[in-house]
Amino acid sequence: MYPPKFGYVIPDSLDEANEFLETHEDAKALAGGHSLIPMLKLRILRPSYLVELKGLNDLHYMRREAGKIHIGALTTHYEILKGNLPLLSEAASTVADPQVRNMGTIGGVISHLDPAADYPASLIAMDATVKIKGTKGEREVPFKDFAKDMFSPDLAPGELVKEVITPEFAGYTFSYKKLERRAGDYAIVGVAVLMRREGDVVKDLRIGLTAVNNKAVRALEAEKVLLDREPNEKLIEEAAEKAMGYANPTSDIRGSAEYKKKMTKVMTKRALLEALKR
Ligand SMILES: Cc1cc2nc3c(=O)[nH]c(=O)nc-3n(C[C@H](O)[C@H](O)[C@H](O)COP(=O)(O)OP(=O)(O)OC[C@H]3O[C@@H](n4cnc5c(N)ncnc54)[C@H](O)[C@@H]3O)c2cc1C
């Protein structure tokens with residue numbers, strides 16, 4: 001309940017935040033605080049300083065630019081939910097509860113990289129990229145490489161996530177299906193589907209899974225089952241079965257590995273059916 005002692009820094013600029021974090025390796029950036037503060041309260045972490053990002057407006061925006069959507073790292077789950085973005089807004093609506101959604105940020109989620117977080121299923125399906133800023137400048141990496149492993153983002157000391165970039169996906173239908181024990185909980189299984197059809201034929205399909213591996217994965221073989229085909233019950237069943245092959249879950253309080261694997265198939269089927277209905 002009681003965090004350990006720490007110093008507190010309120011930088012005037014992103015450059016100042018980068019510099020302070022680079023020269024104080026055990027300092028931690030503070031965004032929405034809804035993963036960091038719980039960890040401090042359990043004393044899992046003992047940072048020397050917290051560096052408050054909240055006032056840095058150059059991390060707080062959502063804009064469309066040349067067919068891409070740019071989401072500043074400090075954009076909250078609530079703002080994304082309200083932003084009417086394909087797939088991502090639906091995923092945001094399932095994150096935690098209203099209080100957490102008012103504070104938590106997309107930059108915080110992907111820097112923290114809980115293996116059961118909701119956005120990563122969508123970000124992997126969307127081929128999102130992450131713009132990172134450090135003292136030496138900016139770099140952009142695909143989300144699939146940025147997420148190296150659970151709780152292991154591709155961030156060097158002093159670097160901060162600046163924004164998440166996704167294509168617009170105009171004309172796509174989508175669905176994010178989250179299995180949870182109760183409203184407000186992390187996912188037992190989460191499946192994101194993005195689909196583009198011409199007539200009844202599936203022309204592009206992306207299926208992202210969360211909570212069933214160390215990090216989010218794309219179920220590529222499942223996608224292939226429906227690509228360039230007219231979906232029917234048998235093909236959807238086959239695709240969902242193939243998605244199950246990408247799940248390598250662990251048993252925990254949310255369910256056994258066997259249950260989670262089976263539910264990957266069930267949730268994939270539900271997400272595919274919903275995307276097809278829309
Ligand atoms: C009760 C509860 C339920 C929750 N349920 C869910 C859920 O169902 N699904 C889900 O996905 N999440 C859930 N969460 C987590 C929530 O979404 C957090 O807000 C999120 O994981 C972290 O974002 P934040 O902005 O709060 O980051 P913070 O807690 O401030 O920071 C998290 C980590 O990221 C680092 N960091 C933050 N911003 C940056 C940046 N721009 N660049 C580099 N590093 C940065 C911090 O230093 C820290 O290490 C839940 C949290 C709570 C408390």
Side-chain angles (χ1 to χ4, degrees), residues 3 6 8-9 11 14 17-18 20-22 24-42 44-61 71-81 88 90-123 130-134 138-139 141 146-147 150-164 176 178-190 192 208 210-211 215-216 254:
F6 52 81
Y8 202 77
V9 177
L14 190 48
N18 287 136
F20 190 90
L21 287 161
E22 191 177 279
H24 300 76
E25 269 201 39
D26 59 346
K28 279 270 176 203
L30 175 67
H34 275 57
S35 291
L36 183 53
I37 303 290
M39 286 193 294
L40 293 184
K41 288 182 156 198
L42 294 168
I44 294 168
L45 287 175
R46 291 173 180 273
S48 54
Y49 291 92
L50 295 190
V51 180
E52 189 185 281
L53 303 182
K54 206 166 61 188
L56 302 176
N57 287 333
D58 35 359
L59 290 181
H60 204 162
Y61 52 85
I71 308 166
L74 285 182
T75 310
T76 63
H77 309 325
Y78 178 71
E79 287 161 337
I80 292 174
L81 183 171
L88 217 49
E90 186 158 291
S93 74
T94 73
V95 173
D97 53 43
Q99 288 96 328
V100 174
R101 290 197 289 269
N102 277 333
M103 295 296 290
T105 66
I106 190 167
V109 169
I110 66 165
S111 304
H112 182 59
L113 280 181
D114 189 303
D118 291 294
Y119 292 132
S122 301
L123 296 177
V130 182
K131 192 176 271 182
I132 298 158
K133 187 189 168 303
E138 294 183 0
R139 63 191 177 97
V141 289
F146 174 82
M150 61 163 83
F151 303 114
S152 303
D154 173 16
L155 285 173
E159 281 189 326
L160 288 166
V161 171
K162 189 172 179 200
E163 64 178 15
V164 172
Y176 179 62
K178 174 175 180 174
L179 179 68
E180 54 189 347
R181 296 176 299 176
R182 56 178 176 268
D185 199 5
Y186 274 93
I188 302 171
V189 176
T210 190
K215 57 181 192 168
R254 291 192 174 82

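Start at 1 and go down the list; that is how both ligands and their atoms are numbered.
Taking only non-hydrogen atoms, the option from Ala187, Ser111, Ala17, Gly33 nearest to atom 44 (N) of ligand 1 is Ser111. Taking only non-hydrogen atoms, the option from Tyr186, Tyr119, Phe151 nearest to atom 50 (C) of ligand 1 is Tyr186.
For atom 9 (N) of ligand 1, the closest non-hydrogen atom on the protein side is Asp118 OD2, 2.7 Å. Nearest to atom 31 (O) of ligand 1 among the protein's heavy atoms is Leu36 CB, 3.9 Å. Protein heavy atom nearest atom 2 (C) of ligand 1, with residue, atom name and distance: Val100 CG2, 3.8 Å. Among all protein heavy atoms, the one lying closest to atom 33 (C) of ligand 1 is His112 CB, 3.9 Å. Nearest non-hydrogen protein atom to atom 24 (P) of ligand 1 is Gly32 N, 3.5 Å. The single protein non-hydrogen atom nearest to atom 49 (O) of ligand 1 is Lys28 NZ, 3.4 Å, given as residue, atom name and distance. Here the protein heavy atom with the shortest distance to atom 51 (C) of ligand 1 is His34 O, 3.4 Å. The nearest heavy-atom contact from the protein to atom 21 (O) of ligand 1 is Ser35 OG, 2.7 Å.
The shell of residues lying under 4.0 angstrom from ligand 1, judged by heavy atoms, includes Asp185. Put simply, part of Lys178 is less than 4.0 Å from ligand 1, judged by heavy atoms. Contact analysis leaves Asp114 out of contact with ligand 1, as no non-hydrogen atom separation drops below 4.0 angstrom. Heavy atoms of His77 come nearer than 4.0 angstrom to ligand 1 in at least one pair.
Within the listing of ligand 1, atoms 43 (C) sit less than 4.0 angstrom from a heavy atom of Leu155. Each of the following atoms of ligand 1 lies closer than 4.0 Å to a heavy atom of Ala73: 41 (N). Each of the atoms 23 (O), 24 (P), 25 (O) of ligand 1 lies under 4.0 Å from some heavy atom of Thr105.
Judged purely by atom type and a 3.5 angstrom limit, Arg101 uses its side chain to pair as donor or acceptor with the backbone of Val95. No donor-acceptor pair under 3.5 Å is formed between the side chain of Glu159 and the backbone N or O of Ile132. Panel note: side chain Asp97, backbone Val100; a donor-acceptor pair is recorded below 3.5 Å. A donor-acceptor contact shorter than 3.5 Å links the side chain of Ser152 to the backbone of Met150. Between the side chain of Lys133 and the backbone N or O of Glu163 there is no donor-acceptor pair closer than 3.5 Å. Not one N or O on the side chain of His112 forms a donor-acceptor pair closer than 3.5 Å with the backbone of Gly108. Between the Thr75 side chain and the His60 main chain, no donor and acceptor come within less than 3.5 Å of each other. Checking side-chain atoms of Lys28 against main-chain N and O of Pro47 turns up no donor-acceptor pair under 3.5 Å.
Here Ala96 has heavy atoms under 4.0 Å from ligand 1 in both its backbone and its side chain.
Between Tyr8 and Phe6, the two ring planes are tilted [angle within 30° to 60°].
At a 3.5 angstrom cut-off on N or O pairs, Glu159 does not count as close to ligand 1. For the pair Leu30 and ligand 1, the shortest N or O to N or O distance does not fall below 3.5 Å. The distance criterion of under 3.5 Å between nitrogen or oxygen atoms is met by Val161 with respect to ligand 1. Residue-to-ligand polar distances keep Asp97 apart from ligand 1: every N/O pair is separated by 3.5 Å or more. Backbone and side-chain nitrogen or oxygen atoms of Gly104 are examined, and none is located within less than 3.5 angstrom of a nitrogen or oxygen of ligand 1. For the pair Ala31 and ligand 1, the shortest N or O to N or O distance falls below 3.5 Å. When only interatomic distances are considered, the shortest N/O to N/O separation between Ala29 and ligand 1 falls below 3.5 Å.
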Walk me through whether Arg139 and Asp154 qualify under salt bridge (charged side-chain N to carboxylate O under 4.0 Å, His left out). CA-CA 11 Å; Arg139 63 191 177 97; Asp154 173 16; 3.1 Å; yes

For a side-chain contact (heavy atoms from CB on, under 4.5 Å) check, start with the C-alpha distance between Leu155 and Phe146, then their side-chain angles and the critical distance, and finish with the verdict. CA-CA 8 Å; Leu155 285 173; Phe146 174 82; 3.9 Å; yes

Show your reasoning for whether side-chain contact (heavy atoms from CB on, under 4.5 Å) applies to Val164 and Tyr119. CA-CA 11 Å; Val164 172; Tyr119 292 132; over 6 Å; no

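Under the 4.5 Å side-chain criterion, counting only non-hydrogen atoms from C-beta, Leu59 is not in contact with Val161.
The environment of Tyr78 atom OH is sparse: at most 12 non-hydrogen atoms of other residues, nucleotides or ligands sit within 6.0 angstrom.
The minimum heavy-atom distance between Thr210 and Ala117, with the atom names listed, is OG1-O, 2.8 Å.
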